[in-house]
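If you read the sequence from its start, that first residue is 1, and numbering goes on from there. Bear in mind the structure is a predicted one, so any value in this text is a computation, not a measurement. Excluded from the calculations below are hydrogen atoms, water molecules and symmetry mates; all remaining heavy atoms, backbone and side chain alike, are included.
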Amino acid sequence: WRRLRNEGALVEQWNAAHPEARLRSVALHTLPITQQVELLQRTRVMVGINGGQINALFFLPSGATLAAIFAMRWTDQNFGYVYHSWLTHRGVRYLQYDVTSQIADQDTPVASRREDQGNGGGELRNMEWLTPAQYSDEWKGSMRPIRDADIEMPPSEFSAFVSEAVSPGGKGKFEASRETEELRRVLQDSEAT
């Protein structure tokens, strides 16, 4: 549930191409809490899928970067904006990669499309990257299976995201907005749901 299915291959490919900025794959939940905190306090860049383990962001030191991957932007709860707010106060840089997003126009390149019944009827891109979560209750027909999907991210996309994360701060493609326009959009999105 909310796993990066090809994580091993992505980390291996990244490390082969970037020996100066090696990544390490860690399952935080398998470590005692003291080891988790010690590891996170030494972490310069944390890349992860939105979910339980990424909430360890609270232990990242000032000057670190959190690069969060979301299967789908959570407009109703908007964890990304919450993460960004918390991290700004701690001096931690925040990047966010939204795997699916609405297609704005016909000129936008689309790998795969799906009608989005829960977000204004628009179409979503990159659906073939996802293995939706399986539910047998009221969430089965909602967008929740997409939000909780496992992700298989193309190496080129992962590399672009991590490259920005390991580079010094700035206004890159994945840099989370600190502008009030982002908050306005979040509020509009939550009103629409």
Side-chain angles (χ1 to χ4, degrees), residues 1-18 21-101 126 129-133 143-169 172-178 182:
W1 214 37
R2 289 196 204 153
R3 294 171 296 174
L4 191 55
R5 289 191 329 219
N6 56 337
E7 178 179 339
L10 293 172
V11 169
E12 186 177 310
Q13 289 171 16
W14 171 269
N15 287 341
H18 303 86
R22 294 183 60 75
L23 296 179
R24 218 171 89 183
S25 184
V26 177
L28 287 175
H29 70 279
T30 65
L31 302 174
I33 188 69
T34 54
Q35 283 184 299
Q36 291 180 38
V37 173
E38 289 168 3
L39 174 66
L40 290 162
Q41 283 289 295
R42 294 189 317 267
T43 298
R44 194 178 118 224
V45 175
M46 180 179 180
V47 179
I49 301 290
N50 173 51
Q53 292 189 64
I54 210 164
N55 288 321
L57 59 89
F58 294 108
F59 297 109
L60 292 172
S62 179
T65 296
L66 173 65
I69 301 168
F70 282 67
M72 179 183 209
R73 188 165 175 266
W74 286 67
T75 55
D76 56 344
Q77 298 173 6
N78 211 320
F79 290 110
Y81 193 79
V82 172
Y83 289 165
H84 183 264
S85 299
W86 290 334
L87 293 169
T88 297
H89 292 292
R90 295 201 22 90
V92 176
R93 181 172 165 230
Y94 179 66
L95 305 179
Q96 182 171 322
Y97 190 107
D98 296 314
V99 170
T100 60
S101 58
N126 303 326
W129 298 11
L130 306 180
T131 303
M143 294 306 288
R144 185 74 189 245
I146 295 172
R147 292 177 181 162
D148 291 340
D150 287 344
I151 301 167
E152 186 158 338
M153 197 170 189
S156 61
E157 294 292 320
F158 182 79
S159 182
F161 187 52
V162 174
S163 291
E164 187 173 323
V166 300
S167 298
K173 178 179 177 182
F174 305 107
E175 192 78 29
S177 174
R178 291 190 167 103
E182 169 66 4

For this session: Please work out which of the three classes, parallel, tilted or perpendicular, describes the rings of Phe58 and Trp86, given edges at 30° and 60°.
Result: tilted
[X] side chain to [Y] main-chain N or O, any donor-acceptor pair under 3.5 Å?
X      : Y      : answer
Ser163 : Ser159 : yes
Thr100 : Asn126 : no
Trp14  : Ala21  : yes
Asn6   : Glu152 : no
Asn50  : Phe70  : no

Between atom [atom1] of [X] and atom [atom2] of [Y], what is the distance when rounded to the nearest 0.5 Å?
X      : Y      : atom1 : atom2 : answer
Tyr97  : Phe161 : OH    : CZ    : 8.5 Å
Phe174 : Glu157 : CZ    : CD    : 6.0 Å
Leu66  : Leu57  : CG    : CG    : 5.5 Å
Phe59  : Ile33  : CZ    : CD1   : 5.5 Å
Leu40  : Leu60  : CG    : CG    : 5.5 Å
Gln13  : Asn15  : CD    : CG    : 10.5 Å

Exercise. What pair of heavy atoms forms the shortest contact from Leu39 to Arg24, and how long is it?
Worked result: CD1-NH2, 3.4 Å
Seminar exercise, completed: Ala56 and Met46 have their tightest heavy-atom pair at CB-CE, 4.4 Å
Exercise. Counting heavy atoms not belonging to Glu12, are there more than 12 under 6.0 Å from its CD?
Worked result: no
Exercise. Do you see a donor-acceptor pair shorter than 3.5 Å between the side chains of Gln96 and Asp98?
Worked result: yes
Exercise. Can a donor-acceptor pair be found between the side chains of Tyr94 and Glu175 at a distance below 3.5 Å?
Worked result: no
Exercise. So which pairs with a foot in residues 26-49 pass ring-ring contact (aromatic ring centres under 6.0 Å, His included), sequence neighbours left out?
Worked result: none
Check whether any side-chain heavy atom of [X] sits under 4.5 Å from a side-chain heavy atom of [Y], and report yes or no.
X     : Y      : value
Thr34 : Gln36  : no
Arg3  : Ile151 : no
Val47 : Leu4   : no

For this session: Please say which of Val92, Val45, Val166 ends up in a side-chain contact (heavy atoms from CB on, under 4.5 Å) with Thr65.
Result: Val45
For this session: With sequence neighbours left out, write down each residue that passes side chain to side chain donor-acceptor pair (under 3.5 Å) with Gln35, or none if nothing qualifies.
Result: none
